[in-house]
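FYI, side chains are in, hydrogens and waters are out, and symmetry mates aren't considered; it's all heavy atoms of this structure. For clarity, every value in this text was computed on a predicted model and none was experimentally measured.
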Amino acid sequence: MALKKVTENFSKSLIDEVHKWGSMKQTGVTLRYMMEFGSKPIDRNLLISAQFLHKELPIRIARRAIELESLPYGLSLKPAVLKVHDWYVDSFRDLRSFPDIKDKKDELEFTRMIEMIKVRHNNVVPMMAMGVQQLKKGMDPKIVYEDLVEIHQFLDRFYMSRIGIRMLIGQHVALHDPNPPPDRIGYIHTKMSPLEVARNASEDARAICMRHYGSAPEIDIYGDLNFTFPYVPSHLHIMVFELVKNSLRAVQERFMDSDKVAPPIRIIVADGIEDVTIKVSDEGGGIRRSGLPRIFTYLYSTAENPLSEDTDLGTGENVTMAGYGYGLPISRLYARYFGGDLQIISMEGYGTDAYLHLSRLGGSQEPLP
């Protein structure tokens, strides 16, 4: 019954094809490979890249569509999740109905199409969050959300796959830029300054804090401004923004009614042989030890939820990350996508340290769920 409802918008032959492609093997790539391959965006390379995506994207998208059909606790049947499933099947159909890519004209048409697919999926994260919210509404309030392990594991796989799909599409599209910025290969900045990205992300987070509370703690950043390494600046921006935003909120709320000046948030960038580590430290009172296991789950947030059934998600990417509890788990996935990690260490009554590890070797394979 559930499967019938999930797939009733599509023909049986299309759903059969989704299941056939979903059983095929995915092919992972590394940051180093993307960089080396994209360093010469000549027509032949762009053609090879498009031909690879023409085969790879349907496999990845089909796998996610299949998983969306059989989620536990009836999550597959929630209206928001049904909508996300439809987006994935629509994108699969677009890719499979596109003929073989033989020349530059085909490649440019294919690039335009996958760009549209990326836009279609802009709001998958808030839409899935809404689906989870719809599920929580109907559940017994006594259920401990971190016990819903299958849902957390599914969302980790689902969002990790989404990061990979968007990276592959975004990288291919960006290689068509006739005037790329200096030291850029698509999405990758070959000489990215982690300090500069941390500063920009901090300023963005502080602006949101100012808008919300009317004031914001200071942020001090330490590290070598001349140090650079190859990475994806947009990924790093998302991660640092999230960590700093959490710290700002904790400090602001702790010192809002105090006579004391709110202590600054400290960001330290360390350049190691294997990893670049960014530490974000605050004196926002910390997290209870009993609450620490929850911070990387998708059904827990200490902030007010900004999503309602009436939220117009459109196709923009302007939906706030605060409130539906996805910032930390998704930031950790971004770190892990290129072989890094995110750890949170807290001292209740004092503050929290977040350690963001970024692998600087560039050779780790995409984790393919």
A.B. asks: Taking the six-membered ring for Trp, are H121 and Y88 ring centroids under 6.0 Å apart?
C.D. replies: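 Centroid separation for H121 and Y88: below 6.0 Å.
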A.B. asks: So which heavy atom on D224 is nearest to which on L195, and how close?
C.D. replies: C-CD2, 4.1 Å
A.B. asks: Determine yes or no for a side-chain-to-main-chain donor-acceptor pair under 3.5 angstrom, with Q134 supplying the side chain and A80 the backbone.
C.D. replies: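 Judged by distance alone, yes, a pair lies under 3.5 Å.
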A.B. asks: Just do the side-chain contact (heavy atoms from CB on, under 4.5 Å) check on T228 and T190 with the steps written out, would you?
C.D. replies: CA-CA 8 Å; T228 65; T190 58; over 6 Å; no
A.B. asks: Does a side-chain heavy-atom distance below 4.5 Å link M35 with T30?
C.D. replies: no
A.B. asks: What about W87 and M116, same hydrophobic cluster or not, with Ile/Leu/Val/Met/Phe/Trp/Tyr joined at side-chain heavy-atom distances under 4.5 Å?
C.D. replies: no
A.B. asks: Look at atom CE of M24 and say whether more than 12 heavy atoms of other residues, nucleotides or ligands are closer to it than 6.0 Å.
C.D. replies: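 Yes.
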A.B. asks: Can E196 and R199 be said to form a salt bridge (charged side-chain N to carboxylate O under 4.0 Å, His left out), step by step?
C.D. replies: CA-CA 5 Å; E196 195 181 319; R199 183 172 292 145; over 6 Å; no
A.B. asks: Side-chain contact test, heavy atoms from C-beta onward, threshold under 4.5 Å: evaluate it for Q252 versus P217 and give yes or no.
C.D. replies: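 In short, these two side chains touch, coming nearer than 4.5 Å.
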A.B. asks: List the atom of L77, the atom of L82, and the distance in Å for their closest heavy-atom pair.
C.D. replies: O-CD1, 3.6 Å
A.B. asks: Which heavy atom of S281 sits nearest a heavy atom of D353, and at what distance?
C.D. replies: OG-OD1, 2.8 Å
A.B. asks: Do you reckon I268 sits in the same ILVMFWY cluster as V197, going by side-chain contacts under 4.5 Å, direct or chained?
C.D. replies: no
A.B. asks: Let me confirm one number: the CZ-CG distance from F110 to L53, rounded to the nearest 0.5 Å.
C.D. replies: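 CG of L53 is found 5.5 Å from CZ of F110.
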A.B. asks: Are more than 12 heavy atoms from other residues, nucleotides or ligands located less than 6.0 Å from atom CD of E274?
C.D. replies: no
A.B. asks: Could you tell me the separation between the CD1 atom of I267 and the CG atom of D282, rounded to the nearest 0.5 Å?
C.D. replies: 10.5 Å
A.B. asks: Do L356 and V240 come close enough that some side-chain heavy atom pair is under 4.5 Å?
C.D. replies: yes
A.B. asks: Would you confirm whether E218, through its side chain, and P264, through its main-chain N or O, come within 3.5 Å as a donor-acceptor pair?
C.D. replies: no
A.B. asks: Got a donor-acceptor contact below 3.5 angstrom from the S49 side chain to the N45 backbone?
C.D. replies: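 Looks like no, no N/O pair under 3.5 Å.
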A.B. asks: Looking only at heavy atoms, which two atoms of I114 and I169 are closest? And how far apart?
C.D. replies: O-CG2, 3.5 Å
A.B. asks: Assess whether a salt bridge exists between R360 and D275, defined as any Lys/Arg side-chain N lying under 4.0 Å from an Asp/Glu carboxylate O.
C.D. replies: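 Not counted as a salt bridge, because no side-chain N and carboxylate O are separated by less than 4.0 Å.
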A.B. asks: If the plane angle is over 60° it's perpendicular, under 30° parallel, otherwise tilted; pick one for F158 and F154.
C.D. replies: tilted
A.B. asks: Distance from D220 atom CG to R266 atom CZ, nearest 0.5 Å?
C.D. replies: 8.0 Å
A.B. asks: Are any of the side-chain nitrogens in K20 or D16 under 4.0 Å away from the carboxylate oxygens of its partner?
C.D. replies: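 Between D16 and K20 there is no salt bridge, as every charged N stays at least 4.0 Å from the carboxylate O atoms.
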A.B. asks: Charged N to carboxylate O below 4.0 Å: is that the case for R60 and E366?
C.D. replies: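 Result for this pair is yes, salt bridge flagged.
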A.B. asks: Please report the closest heavy-atom contact between L46 and H172, naming both atoms and the distance.
C.D. replies: O-CE1, 3.4 Å
A.B. asks: Does the ring of F10 carry R93 above it, NZ/CZ under 6.0 angstrom from centre and within 45° of its axis?
C.D. replies: no
A.B. asks: With rounding to the nearest 0.5 Å, note down the distance linking OG in S331 to OH in Y326.
C.D. replies: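 If I round to the nearest 0.5 Å, the distance is 13.5 Å.
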A.B. asks: Is it the case that more than 12 heavy atoms not belonging to M256 sit under 6.0 Å from its CE atom?
C.D. replies: yes
A.B. asks: Taking the side chain as every heavy atom from C-beta outward, state whether F229 and L358 have any pair of such atoms under 4.5 Å apart.
C.D. replies: yes
A.B. asks: Under 3.5 Å, side chain of S346 to main-chain N/O of G286, donor-acceptor pair present?
C.D. replies: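 It does not hold such a pair.
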A.B. asks: Would you indicate whether the side-chain heavy atoms of H176 and L108 approach each other to under 4.5 Å?
C.D. replies: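 Result yes, sub-4.5 Å side-chain heavy-atom pair found.
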A.B. asks: Please verify the inter-ring angle class for H152 with Y298; under 30° counts as parallel, over 60° as perpendicular, anything in between as tilted.
C.D. replies: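 Ring orientation, 0 to 90° scale: parallel.
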A.B. asks: Applying salt bridge (charged side-chain N to carboxylate O under 4.0 Å, His left out), run through R120 and D94 and close with a yes or a no.
C.D. replies: CA-CA 12 Å; R120 175 187 290 148; D94 289 350; 2.9 Å; yes
A.B. asks: Measure the spacing between OH of Y355 and CD1 of I278 and express it to the nearest 0.5 Å.
C.D. replies: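 The OH atom of Y355 sits 13.5 Å away from the CD1 atom of I278.
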A.B. asks: Does the side chain of S193 come within less than 4.5 Å of F227's, by heavy atoms?
C.D. replies: no
A.B. asks: Any chance you could measure R336, atom CZ, to D156, atom CG, to the nearest 0.5 Å?
C.D. replies: 7.5 Å
A.B. asks: Within the distance-only criterion (no hydrogens, no angle test), does the side chain of E107 pair as donor or acceptor with the backbone N or O of I101 below 3.5 angstrom?
C.D. replies: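 Flag not set: sc E107 to bb I101 has no pair under 3.5 Å.
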A.B. asks: Are any non-hydrogen side-chain atoms of V232 and Y337 less than 4.5 angstrom apart?
C.D. replies: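 No, side chains not in contact.
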A.B. asks: Which heavy-atom pair separates Q26 from R63 by the least distance, and what is that distance?
C.D. replies: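 Nearest heavy atoms, Q26 then R63: NE2-NH1, 3.2 Å.
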A.B. asks: Is there side-chain contact between E69 and H85, with heavy atoms separated by less than 4.5 Å?
C.D. replies: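 Yes. Closest side-chain heavy atoms under 4.5 Å.
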A.B. asks: Please check: side-chain N/O of R96 versus main-chain N/O of P58, any donor-acceptor pairing under 3.5 Å?
C.D. replies: no
A.B. asks: For E242, is there an ion pair with K245 - N to carboxylate O distance below 4.0 angstrom?
C.D. replies: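 E242 and K245: salt-bridged.
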A.B. asks: Flag yes if V280 and I345 sit in one hydrophobic cluster, no otherwise; membership is Ile, Leu, Val, Met, Phe, Trp, Tyr, and two members link when side-chain heavy atoms are under 4.5 Å apart.
C.D. replies: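 In one cluster: no.
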